[in-house]
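As structure tokens, the structure follows; a few thoughts come after it.
Both counts, for ligands and for their atoms, begin at 1 and track the order of listing.
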Amino acid sequence: MAECRKPRLILEKFVSEEECKELEFIHKSNCTVGYRPNVFSTTLSHLIATNCPHLIIPIIPLREKLREKVEEHFGCEFELFIEFTALISWCKGASIGWHSDDNRDYLKQRDFAAVCYLNSYDADFKGGLFHFQDGEPSTLVPIAGDVALYTADEKNVHSVDEVTEGERITLTLWFTRNKCHDEDTSLISLLSQISSDSLSPMFDPFTPFPASPNMYWFPPNGSLDFQAGFDIRYARLHVLGFNLCPFFDKSCSGDSEFGMNFLDHLMRALKLVRGDELFEAEFSNVMHILQVVQFFYWKTYRSVVNDVRGKPSIVVPLSDAQQKTVDDLKHTCLKDRGLAETFFSNAKLAKSLQDSFDWVSFTDAVDDWGAYTLQLKKDLVINLPFWRLNQSIILCHQDSYLH
Ligand SMILES: O=C(O)CCC(=O)C(=O)O
Ligand SMILES: [Fe+2]
């Protein structure tokens, strides 16, 4: 391997705005409580395990482009494997002191890091500046689309200031020369376990299936009895003005359901509520709803007033009994409502979203989410045999998935 000249490289506007927004959508609709305090993450293996293997597709081209760039800059063409890929967000209170990325025995295989900033300092969060201990540049101000590449060793001791407001989102990858730590091998093995039925074109598009409730409960330590903190999925819906109504079969009265753990309702059929309006469509579980809602805001739908008149009724008023169930579920999921709002609300955005929301556009988003999901599924199905054959995840066949 040729010795590289510079131990770090900053790339401006390497990730397009549309890619940033799509990855933000994937993270906000699938993340779990992360590995550090006030940090949330979405790994590729988690996407596969929660029946969303198609959602790795939008990440693959960027992952490949980054690998090529790291190989080129550090002079190690065709030698590198991706060791780990994650979408990561840091909320108020998250920070990391001086460290290098290979500073633990179990991280020694890490040779290089790539951090892609998916949103921007000041506009989306405060604090969260990145510093290198030595050399230039000494400080990075995260701007959506910019990327920092650096060696994982002591040449790049770095830190990140505490985030003081908002949510700071990145796509972070580590690279290794050691084939034994190739992330693709384990991802392909997980992908190979997906049943051929669910990959069949006859089958519905993938609907997310939640992991265990503790993976979505904040804080991760100390309150796993669910008596403090909040469910991060509910919290994200709450800051956008939504609530959830457990869907009961008309034949069974609400009361019979109270025996079960109320949090279990998030794993079952639910309907979406806004104010005193109940949206009539039924969703499979909270992850399904969260994905559609985040998709809606990613695409920021706008309705044309004339359309509204011709549409059939899609919302009904909540009954008193339903209102009580909605409130019960909300109180179960949001023990610390203030903290949930501190972490996830974006005051500027919230105001414009509240003003522009309408159910007709939302109905369109439900359909478009289905089409988007189906397209990604098709792309996964045509690529998977090649990934298995080559033991490497590179998007070689795209049906019509375009950025
Ligand atoms: O998000 C960043 O800017 C860097 C994060 C970091 O240093 C790490 O995860 O090791
Ligand atoms: Fe780091």
Selection from W174, Y117, W90, F130 by shortest heavy-atom distance to atom 5 (C) of ligand 1: W90
Which one of W98, Y150, Y35 has a non-hydrogen atom at the shortest distance from atom 9 (O) of ligand 1?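 The nearest heavy atom belongs to Y35.
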Could you measure the distance from the CG atom of L263 to the CH2 atom of W217? Nearest 0.5 Å is fine.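 Those atoms lie 5.5 Å apart.
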Rounded distance [0.5 Å steps], CZ in R104 versus NE2 in H99: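 Going from the CZ atom of R104 to the NE2 atom of H99 covers 9.0 Å.
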Of the protein's non-hydrogen atoms, which lies at the shortest distance from [atom], and what is that distance?
| atom | result |
| --- | --- |
| atom 1 (O) of ligand 1 | R168 NH1, 2.8 Å |
| atom 7 (O) of ligand 1 | H158 NE2, 2.9 Å |
| atom 8 (C) of ligand 1 | H99 NE2, 3.9 Å |

Chi angles and distances behind the side-chain contact (heavy atoms from CB on, under 4.5 Å) call for Y117, L171: CA-CA 7 Å; Y117 295 103; L171 173 73; over 6 Å; no
Can you find a side-chain donor-acceptor pair between N243 and H238 that sits under 3.5 Å?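 Side chains of N243 and H238: no pair found under 3.5 Å.
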Are [X] and [Y] packed together at the side-chain level, in the sense that at least one heavy-atom pair is separated by less than 4.5 angstrom?
| X | Y | result |
| --- | --- | --- |
| I289 | F242 | no |
| Y372 | K377 | no |
| D161 | F130 | no |

N/O to N/O below 3.5 Å, does that happen between T170 and ligand 1?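 Looking only at distances, the answer is no, because the N/O contact criterion of under 3.5 Å is not met.
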Check whether any N or O atom of T172, backbone or side chain, sits under 3.5 Å from an N or O atom of ligand 1, and answer yes or no.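 It does not: no N or O of T172 is found under 3.5 Å from an N or O of ligand 1.
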Once rounded to 10°, what is the value of the angle centred on the Fe ion (ligand 2) between D101 OD1 and H158 NE2? 100°
For the Fe ion (ligand 2), give me the closest N/O/S atom belonging to H99, just the atom name.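 This residue's closest N, O or S atom turns out to be NE2.
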With a cutoff of 4.0 Å, is V160 in contact with ligand 1, counting heavy atoms of the residue only? yes
